[in-house]
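For reference, the structure is listed below as structure tokens.
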Amino acid sequence: MSDSLPAGAPASDFIREAVKADLASGRFSSVRTRFPPEPNGWLHIGHTKAFTIDFGVAQDFGGVCNLRFDDTNPEKEDQSYVDAIKRDIRWLGFEWGQNEFYASDYYEYLYDLAVKLIRKGKAYVDDLSDEETREYRGTAVPDKNNITHTPPGRNSPWRERSVEENLDLFARMRAGEFADGAKTLRAKIDMAHPNLVMRDPVMYRIRREPHYRTGDAWCIYPMYDFQHPLSDAKEGITHSLCSLEYEIHRPLYDWFIRECDVFPSRQIEFARLNITHTVLSKRWLLRLVKDKVVRGWDDPRMPTLAGLRRRGYTPEAVRDFLSRIGIAKTDSMVDVQLLEHCLREDLNRRAPRVMAVLRPLPLILENWPEGQVDWLDAVNNPEDPGAGTRKIPFSGRLLIERDDFMETPPPKYFRLYPGNSVRLRYGFIVTCTGFDKDPATGQVTAVRCTYNPDTRGGNAPDNSKVRGTIHWLSEAHAVPIEARLYERLFPSERPMDVPPGVDWISTVDPKSEEIVPGAMGEPALAGVKPGDFYQFERLGYFCCDPDGAGGKPVFNRSVSLKDSWAKIEKKNA
RNA sequence: UCCCCGGUUGUGUAAUGGUAGCACGGCAGACUCUGGAUCUGCUUGUGGGGGUUCAAAUCCUCCCUGGGGAACCA
């Protein structure tokens, strides 16, 4: 790779420091990393941090990153997850080429290494049940004063079986001679070890469960602690980057590599990503889906990549976010506003502008020539002159946002109210002369204005200061759309911290999705395709949802514009 | 309780014995045909005590505090 770090280049985080040092010391001569998802769920934004580090570190040092499916638990895994995971990684912009691997392809290799350990007297077949195993390990128990003690573990009565017997038993485990759970293969390390994961960890268990790739070929499956370091070694992974929770497993990782005498991969741990107002755990996300709190795994409010994509997040925005949050070992909670900022920044640069009215209120121009339509120029993107202009129709009967008119305005309100003038964006300056009201409901049904013919295009003649500019549509030309306004799923900054007795799912904001069926848009929106994104002027960024395909277009609000009026309103309240 | 790892401003992250910086958020202002964007300024920070040193966020030590581990899951 051409963009590898020059020898003297500064590393930008502690992992790259370590990699650089390993290269300098000769511990490794090149870099190979891996991203090892288990195909048992959809990728979420927390995973993007992990695989951006995995792929990014490899890339920075001219190395390679393998994609390896860590599929050693047949009960949970499925091909559909494999496909979804690959799709999502590619969406973010990473490619692994030929380097796609499966831990399930290593079963024979792993079996051989297990045999090797048995021969060395470093592994044995144990007959303890799972419950007994736990108890023998010395699990912590509170005493009568409620002080917890961690007793040393006790050796299993089967710990001293002969090598021959272990070899025979292990072969028969594989052959299917024993019931599920009847026996395990365990590493023989130290039942008194202060680190509980070192107390003779289980290497293999018996489970008659068809695997999505190996079918019924195996009834014994390797455990993570045994399988992972050896899979890394098989692929020549130099730096096995993972989250902090595996830190305590590192001595075991190193033990298996040493005892099996294989390639000395190095594990380095970093803090996983947490985001405010969000949950990032497969279990919690699954429940949101199962309880139908959301539309599915790809609901625009979900932090899954599929959800973010449907919401209108761009890969560029997500990658920018990732580059800003940094990498460290401190448990952190990143403000969701940083993510939103990154999206706004990207879309501000790229999204075509268009006018749409969420809650239309008719505006009648009393002095507009009957039946006349004027086609005006509108800028497609003020941030990008190359985006050009378009023609938009203007007429005597318009639609404006209901919020942009008030019968009796509060202080600092400078949109439309009787006697006040506003600019209709790219249109004319208009002055409110009155309004119609439904006597029965008291609701305003139309606003009446006169327009100033000298202000065509929105240009104010000298000295005529107009504070407000509002968006509008020509009623006869407007196309109906559906808008879906999204807010954070959880009002609480830390949804997982709920008081005892409270079910976290009850804290979901029922108004996190608001459907606005009667919205209207300018003619350009008639031909949109799912995935198209726009800025609706003054409202926010919207992305066309697949739901509207073929019929009335549906737009998801990806993120609103910063709204300083909302702030003023809040202050007044 | 034991074992492991952390604690830099509201949040995240730099500073690798030598000026505590950057970003987001928040606040104030400027500007503006999106109350957008942009720009400017401000924003109570090295958890605490001792020690080493000319000099400590950084090294040592004790304490405080947060997270993780104790699955035949990964």
Exercise for the section: Mind checking Tyr413(A) for me? I need base, sugar-phosphate or nothing, with any heavy atom below 4.0 Å counting as a touch. Expected result: base
Exercise for the section: Compare side-chain N and O positions of His471(A) against OP1 and OP2 of rU34(B) and report whether any pair is under 4.0 Å apart. Expected result: no
Restricting to nitrogen or oxygen on both sides, can you table the protein-nucleotides 30-32 of chain B pairs closer than 3.5 Å?
none

Problem - Whole-Å gap separating P (rG69(B)) and CE (Met198(A)) - result: 18 Å
Exercise for the section: Rounded to the nearest angstrom, tell me the gap between atom CZ in Phe536(A) and atom P in rA37(B). Expected result: 18 Å
Completion exercise
Pairs under 3.5 Å (Watson-Crick or G-U), crossing ones as [ ], inter-strand ones as |: RNA chain B comes out as .((((((..((((....[..))))((((((.......))))))...(((((..]....))))))))))).....
Practice task
Pick base, sugar-phosphate or nothing for Glu75(A), based on heavy-atom distances below 4.0 Å to the nucleic acid.
Solution key: nothing
Practice task
Find the distance Glu131(A):CD to rC72(B):P and express it as a whole number of Å.
Solution key: 11 Å
Practice task
Would you tell me if any nitrogen or oxygen in the side chain of Arg137(A) comes within less than 4.0 Å of OP1 or OP2 on rC72(B)?
Solution key: yes
Exercise for the section: For Arg186(A), check salt bridge (charged side-chain N to carboxylate O under 4.0 Å, His left out) against everything at least two apart and list the hits. Expected result: Asp126(A)
Practice task
Only counting residues at least two apart or in another chain, list the ones meeting side chain to side chain donor-acceptor pair (under 3.5 Å) with Lys49(A).
Solution key: none
Completion exercise
When rounded to whole Å, the CG to C1' distance for the pair Asn348(A) and rU34(B) reads 10 Å
Practice task
Using the test salt bridge (charged side-chain N to carboxylate O under 4.0 Å, His left out), find all partners of Asp563(A) that sit at least two apart in sequence or belong to another chain.
Solution key: none
Practice task
For rG35(B), take OP1 and OP2 only and decide whether either is under 4.0 Å from a side-chain N or O of Lys412(A).
Solution key: no
Fill in the blank from the handout: Scoring nucleotides 3-13 of chain B by protein non-hydrogen atoms under 4.0 Å (B base, S sugar-phosphate only, - none) yields B-SS----SSS
Exercise for the section: Tell me what His193(A) touches on the nucleic acid: a base, only sugar-phosphate, or nothing, going by heavy atoms under 4.0 Å. Expected result: nothing
Exercise for the section: Mind calculating the distance between CG (Asp563(A)) and P (rA37(B)) to the nearest angstrom? Expected result: 10 Å
Practice task
Kindly say if Arg207(A) contacts the phosphate of rC72(B), meaning a side-chain N or O under 4.0 Å from OP1 or OP2.
Solution key: no
